[in-house]
Amino acid sequence: MCTIVPISITVGANRIVPTIAIPHPLGNPNLTMEDEKALRRKLTEVALKALETPIEDQTVFEVK
Amino acid sequence: MIRVVHYINQFFGQIGGEEMAHIAPEKREGIVGPGAAIKASFKGEAEIVGTIICGDSYFAENQEKAEKEILEMVKSFNPDLFIAGPAFNAGRYGVACGAVAKLVQDALNIPVVTGMYIENPGADMYKKEVYIVSTKNNAAGIRDAAPKMAALALKLSKGEALGAPEEEGYIERGIRKNYFATERGSTRAVEMLVKKIKGEAFVTEFKMPDFDRVAPAAPVADITKAKIAIVTSGGIVPKGNPDRIEASNAQKYGEYNIEGLMDLTSETHETAHGGHDPVYANEDPDRVIPVDVLRDMEKEGKIGSLHNLFYSTTGNGTAVLSSKKYGQEIAAKLIADGVQAVIMTST
């Protein structure tokens with residue numbers, strides 16, 4: 001889970017989930033605490049989904 | 001006169017091809033095969049006093065024994081300099097040349113030079129330890145390789161300063177040396193940029209490391225049964241940073257227990273990471289590692305469990321070699337603890 005996806009691709013990560021910002025990848029201080037936690041949950045769910053997904057090559061799992 | 005011993009395989013020793021690759025090491029007085037080209041390149045400054053020939057399979061299959069035998073033979077010639085190969089793109093031969101050159105360098109403390117094609121597996125294995133002249137991928141390359149190997153070997157013997165790898169023709173060893181440039185950095189950078197824009201060739205002054213590639217792991221069969229761990233390069237540590245993990249170029253990683261913790265707060269944890277504004281991570285460390293969410297999911301049965309240890313270092317300016325070492329150690333611990341999947345976060 002990272003914000004600068006091209007770096008993760010360069011260093012060879014295989015399952016990549018794009019995140020919010022460098023200093024707060026899994027949060028957004030502009031939201032309320034509740035909304036922020038919901039956002040974090042959504043991102044984490046994508047990461048778990050990625051872990052369950054068979055892949056052949058490096059794959060970016062977009063958060064919708 | 002500088003006394004040289006030369007190491008070659010059964011093929012270049014004119015004993016035979018693959019069918020003779022099993023032969024044990026043997027020594028001959030004077031030059032054999034490619035030794036003639038190397039001798040000519042010494043132009044009378046050094047003499048090949050002996051040649052050692054060993055079968056490639058013999059070396060690969062009995063390395064420890066072969067090394068002992070070869071070292072004794074090398075010693076018997078009392079050399080000042082040792083040359084192995086060149087091996088071009090012959091894999092077993094390249095590995096043998098690298099291993100024997102390193103062995104002689106370590107045991108006898110004399111200069112050693114070998115030669116091989118950049119893609120020879122021996123090049124990657126030994127380029128950091130011994131000088132390997134970059135050669136063509138086949139034996140026709142002896143005409144280029146012999147003068148380069150001889151020149152480099154003579155320089156090393158005489159203790160002369162070596163130039164950069166591209167000037168001397170050897171494969172980069174990953175050593176940086178300071179020197180005074182004639183133009184300052186900004187001028188060199190602009191010149192490089194202009195060349196790049198024009199589509200002209202330019203040489204970088206700071207090469208990116210080679211990143212390896214790992215085949216993707218098989219997916220987790222059932223995430224609701226899986227034990228999941230958190231690893232981060234975002235520098236989250238217990239409040240006060242007990243292991244004093246460095247803000248940049250981390251020299252270590254930390255292992256921290258979160259047993260019973262449902263939520264990270266500014267009271268319990270903080271970030272050790274430099275290079276970006278730490279305020280957001282310090283206010284709520286879950287913004288870097290999602291402990292609160294994973295604890296909820298653990299309770300709801302969406303995941304099997306959250307591992308009670310998390311691992312953390314700072315990714316800021318941390319060397320690739322260090323990261324690799326930490327990664328290997330962390331992975332071994334996670335496997336030993338029965339972890340099936342990892343969420344890795346980075347800032």
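A, B, ... follow the sequence lines: proteins, then strands. Residue 1 opens every chain.
- When each of A:Pro25, A:Gly27, A:Ala13, A:Cys2 is checked for heavy-atom pairs under 4.5 Å with chain B, A:Pro25 comes out on top.
- For B:Lys196, the NZ atom counts as loosely surrounded, since its 6.0 Å shell holds 12 or fewer non-hydrogen atoms of other residues, nucleotides or ligands.
- Neither the backbone nor the side chain of B:Val279 comes within contact range of chain A, judged by heavy atoms closer than 4.5 Å.
- For chain A, the nearby parts of B:Ala281 are the backbone and the side chain; heavy atoms of each come within less than 4.5 Å.
- For the residue pair A:Ile22 and B:Thr347, the shortest heavy atom distance occurs at O-CB, 3.1 Å.
- Heavy atoms only, all atoms of each residue included: B:Arg213 and A:Val11 are closest at NH1-C, 3.7 Å.
- Comparing B:Ala217, B:Gly234, B:Pro278, B:Ala218 by how many heavy-atom pairs each has under 4.5 Å with chain A, the most go to B:Ala217.
- Shown here for A:Glu52 and B:Ile223, the closest heavy-atom pair between the two residues is OE2-N, 3.4 Å.
- Residue B:Glu200 qualifies as enclosed at atom CD: its count of foreign heavy atoms under 6.0 Å is above 12.
- Side-chain contact between B:Ile228 and A:Leu48 is present, with heavy atoms from C-beta onward closer than 4.5 Å.
- Other residues, nucleotides and ligands contribute over 12 non-hydrogen atoms within 6.0 Å of the CD atom of B:Glu255.
- Across all non-hydrogen atoms, the minimal contact from B:Asp277 to A:Pro23 is O-CB, 3.5 Å.
- Comparing A:Ala21, A:Pro29, A:Ser8 by how many heavy-atom pairs each has under 4.5 Å with chain B, the most go to A:Pro29.
- Although no hydrogens or angles enter the test, the distance criterion places a donor-acceptor pair under 3.5 Å between the side chain of A:Asn14 and the main chain of B:Val214.
- Other residues, nucleotides and ligands contribute only 12 or fewer heavy atoms inside 6.0 Å of the CD atom of A:Glu56.
- Of the atoms belonging to B:Ala221, it is backbone heavy atoms, and not side-chain ones, that fall under 4.5 Å from chain A.
- Note on B:Asp292, B:Val320, B:Val288, B:Val342: by heavy-atom pairs under 4.5 Å with chain A, the leading option is B:Asp292.
- With a 6.0 Å radius and a threshold of 12 heavy atoms from other residues, nucleotides or ligands, B:Glu300 has its CD atom above the threshold.
- Within a 6.0 Å radius of CZ in B:Arg244, no more than 12 heavy atoms belonging to other residues, nucleotides or ligands are found.
- Between B:Asp284 and A:Arg40 there is a salt bridge, since a side-chain N of the basic residue sits under 4.0 Å from a carboxylate O of the acidic one.
- Looking at A:Thr10, both its backbone and its side chain come within 4.5 Å of chain B, counting heavy atoms on both sides.
- Counting heavy atoms from C-beta outward, A:Asp57 and B:Pro216 have side chains that stay 4.5 Å or more apart.
- You'll find the side chain of B:Thr345 reaches within 4.5 Å of the side chain of A:Leu26, heavy atoms only.
- Taking NE2 of A:His24 as the reference point, atom NE2 of B:His276 lies at 10.0 Å (rounded to 0.5 Å).
- Residues B:Lys302 and A:Glu45 are not in side-chain contact: their nearest non-hydrogen atoms beyond the backbone lie 4.5 Å or more apart.
- Heavy atoms of other residues, nucleotides or ligands lying less than 6.0 angstrom from NZ of B:Lys195 number 12 at most.
- For a residue to count as touching a neighbouring chain, one of its non-hydrogen atoms must lie under 4.5 Å from one of that chain's; by this rule B:Ile343 touches chain A with the side chain only.
- Under the 3.5 Å distance criterion, the side-chain polar atoms of B:Arg287 are left unmatched by any main-chain donor or acceptor of A:Glu36.
- Atom NZ of B:Lys252 sits in a crowded spot, with more than 12 heavy atoms from other residues, nucleotides or ligands closer than 6.0 Å.
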